[in-house]
Amino acid sequence: MAALAIINSPVSITPTDRLYLSYEGNFITSKAGCKVLSISRPEQQQQGDDATGTLIDLAFDVSPFHPQGGGQPSDVGTISIERTEQILTVKKATFSFETNVVTHHCSVVAADVDIRVGDTCTLNVDSETRLLYSKYHSAGHLVDSAMYRLGYELPPEKGYHFPDGPTVEYKGLVEADKRQELVKKLKEEFVTLVNEDIPTTICMQIKEEAEAELNRTQKNFDFSLFVDPEVRIVGVADFKCPCGGTHVRSTKELSEFTVTGIKCKKGVTKIKYDIMPSTSV
Ligand SMILES: [Zn+2]
């Protein structure tokens, strides 16, 4: 019997319907009936599979997986092939801005995995990991809101929302003698925003309208980066920004987080935040 029934197919250029982009879809972690549009095996794996099992890259018509990007780690999870009931492990999902396709990088231990284009699968995101990443990401937005409330209207730059040292960055510097005071105030404002239990908003907005609304007071966001006519706008703790990540429903879910430090260098202010050690799991 053939060890593998995997045949490389042409790479899909059909955009993946990314469920997490809508508000309700942001909380969906399982989706049945997802159709396989392309299958490929990473070249380095075709000569012989290692201890991690066979590696396969898959694209579907629709997916609940959040691919790595925007400072947020990729979801992990499993894929169940409905025809054969075999299970694949999703190690990482990535997104192509050229094709709008999410590629699911999978491994399978079974030597006789059988998957074909047209098969339907149930895609399961590990919901605990998703929630943790959503919290880390949303807490970064909460820092943005706290900064804004404290009168620091520095344009937000990139954020790093991985659990190993999350930070949010702003263009511009905070005066040296005000930095520690700012950290203290941010800690307090963080608690206030959590207690206000502010619901998250996620919506698609016409680019020009979003730009006019978000940059009302100053040019905080560079909308020239966006090519599509509509931009996904996320509001956490009443602070809106263009964003492609996943989020919690309300600020009250972020009570275990706090601001932990500040670093100013080369025209950039970095605010560090994390889970408080006492509530860390
Ligand atoms: Zn976000």
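We number each residue from 1, following the sequence as shown. Only heavy atoms go into these numbers, but all of them, side chains included; no hydrogens, no water, no symmetry mates. Numbering of ligands and ligand atoms starts at 1, following listing order.
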Enquirer: If you measure only the distance, is there a donor-acceptor pair under 3.5 Å linking the side chains of Glu196 and Thr251?
Expert: no

Enquirer: Within the 3.5 Å criterion, strictly below it, is a donor on Thr94 or Thr103 matched to an acceptor on the partner's side chain?
Expert: no

Enquirer: Output yes when Glu211 and Lys207 qualify as a salt bridge under the 4.0 Å nitrogen-oxygen rule, no when they do not.
Expert: no

Enquirer: About how large, to 10 degrees, is the angle SG of Cys243, then the Zn ion (ligand 1), then NE2 of His141?
Expert: 130°

Enquirer: Mind reading off the angle at the Zn ion (ligand 1) between the NE2 atom of His137 and the NE2 atom of His247, rounded to 10°?
Expert: 110°

Enquirer: May I ask you to check if any N/O/S atom from Cys241 comes under 2.8 Å of the Zn ion (ligand 1)?
Expert: no

Enquirer: Side chains of Tyr23 and His247: do they bring a donor and an acceptor to under 3.5 Å?
Expert: no

